[in-house]
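Just so you know, residue 1 is the first one in the sequence shown, and it goes up from there. Remember, it's a predicted structure, so these values are computed and weren't measured experimentally.
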Amino acid sequence: MYTISQLAKEFDISTRTVRYYEELGLLEPSRSEGNQRLFSKREYARLKLISRGKRYGFQLDEIKEMVTLFDKDRTGSKQFERTIEYGSQKIAEVEKRILELTELKEEMEELLTDFQKRLGGEKHGSDT
């Protein structure tokens with residue numbers, strides 16, 4: 001079992017974030033006799049999935065759907081299907097962003113080349 005502080009430290013997040021995930025129903029800790037939150041290995045694994053999902057750019061509602069699907073279907077097939085669907089959408093978004101950034105980079109390189117030519121022309125023009 002893990003305390004909220006241990007999980008927060010392990011995943012480099014605040015205890016407030018852990019409590020927020022609990023409020024959203026992403027985590028379901030048990031309580032000690034002193035009412036302290038105790039997180040099982042299952043909750044640890046869920047938090048690992050949440051962290052990974054956030055890193056890949058998924059929204060919390062998407063993560064919640066993917067994580068909770070396993071509780072409804074222990075075979076994991078529905079979870080995999082939904083994860084593949086969301087993952088495919090995310091890859092398409094990343095590819096679009098890469099294209100946009102590549103175009104932006106090319107435009108910036110053209111501008112810099114133009115500025116360098118202008119600067120070079122001015123230097124040569126003033127030397128004579």
Side-chain angles (χ1 to χ4, degrees):
M1 298 297 269
Y2 303 88
T3 65
I4 191 169
S5 298
Q6 289 170 324
L7 278 186
K9 184 176 180 182
E10 177 81 19
F11 288 94
D12 196 26
I13 57 177
S14 68
T15 55
R16 170 76 181 101
T17 299
V18 177
R19 285 190 296 274
Y20 180 64
Y21 293 159
E22 180 185 357
E23 288 172 26
L24 293 177
L26 288 163
L27 299 173
E28 299 170 358
S30 58
R31 296 284 182 156
S32 69
E33 287 183 21
N35 206 28
Q36 182 183 27
R37 289 173 175 86
L38 296 174
F39 297 86
S40 65
K41 288 182 180 181
R42 174 183 176 264
E43 300 310 306
Y44 182 94
R46 280 180 156 225
L47 190 52
K48 192 172 185 176
L49 290 172
I50 294 165
S51 296
R52 185 179 297 155
K54 296 274 298 163
R55 190 175 78 236
Y56 292 149
F58 290 105
Q59 301 296 315
L60 284 175
D61 59 337
E62 295 169 330
I63 294 169
K64 182 178 181 179
E65 183 180 358
M66 289 184 284
V67 168
T68 57
L69 275 174
F70 187 74
D71 294 335
K72 297 175 184 173
D73 173 22
R74 289 294 183 176
T75 67
S77 61
K78 290 186 188 305
Q79 183 185 38
F80 286 134
E81 288 170 8
R82 195 65 173 142
T83 302
I84 289 168
E85 183 181 329
Y86 281 140
S88 297
Q89 290 172 1
K90 197 56 64 184
I91 288 171
E93 290 173 19
V94 168
E95 287 174 345
K96 181 180 177 188
R97 186 71 179 133
I98 288 171
L99 182 61
E100 291 170 352
L101 289 171
T102 301
E103 290 172 357
L104 179 63
K105 178 182 175 255
E106 290 170 359
E107 288 175 28
M108 291 173 72
E109 287 173 339
E110 287 175 19
L111 276 173
L112 284 174
T113 301
D114 183 49
F115 292 160
Q116 288 169 339
K117 285 180 184 175
R118 288 182 187 191
L119 186 60
E122 287 179 14
K123 281 185 179 178
H124 294 303
S126 62
D127 289 344
T128 55

How far does [atom1] of [X] sit from [atom2] of [Y], to the nearest 0.5 angstrom?
X      : Y      : atom1 : atom2 : value
Leu112 : Lys105 : CG    : NZ    : 11.0 Å
Arg82  : Glu85  : CZ    : CD    : 4.0 Å
Glu62  : Thr83  : CD    : OG1   : 10.5 Å
Glu100 : Glu95  : CD    : CD    : 12.5 Å

Any salt bridge between [X] and [Y], counting N to O under 4.0 Å?
X     : Y     : answer
Lys48 : Glu10 : no
Arg19 : Glu22 : no
Arg97 : Glu93 : no

Test item: Glu43 side-chain N/O and Glu28 main-chain N/O as donor-acceptor pair under 3.5 Å: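 Judged by distance alone, yes, a pair lies under 3.5 Å.
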Check: Lys64 side chain, Gly25 main-chain N or O, donor-acceptor pair, under 3.5 Å: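 Checking the backbone N and O of Gly25 against the side chain of Lys64, no donor-acceptor pair under 3.5 Å is found.
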Residues clustering with Tyr86 (ILVMFWY side chains joined when closer than 4.5 Å, directly or via others):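 Tyr2, Ile4, Leu7, Phe11, Ile13, Val18, Tyr20, Tyr21, Leu24, Leu26, Leu27, Phe39, Tyr44, Leu47, Leu49, Ile50, Tyr56, Phe58, Leu60, Ile63, Met66, Val67, all in the cluster of Tyr86.
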Closest non-hydrogen atom pair between Ser14 and Ala8, with its separation: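 Of all heavy-atom pairs spanning Ser14 and Ala8, the closest is C-CB, 3.9 Å.
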Closest non-hydrogen atom pair between Thr15 and Ser5, with its separation: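 Heavy atoms of Thr15 and Ser5 come nearest at CG2-CA, 4.2 Å.
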4.5 Å side-chain heavy-atom contact, Met1 and Ser30: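 Yes, their side chains come closer than 4.5 Å.
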CG/Asp61: more than 12 non-hydrogen atoms of other groups inside 6.0 Å: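 Counting other residues, nucleotides and ligands, CG of Asp61 exceeds 12 neighbours.
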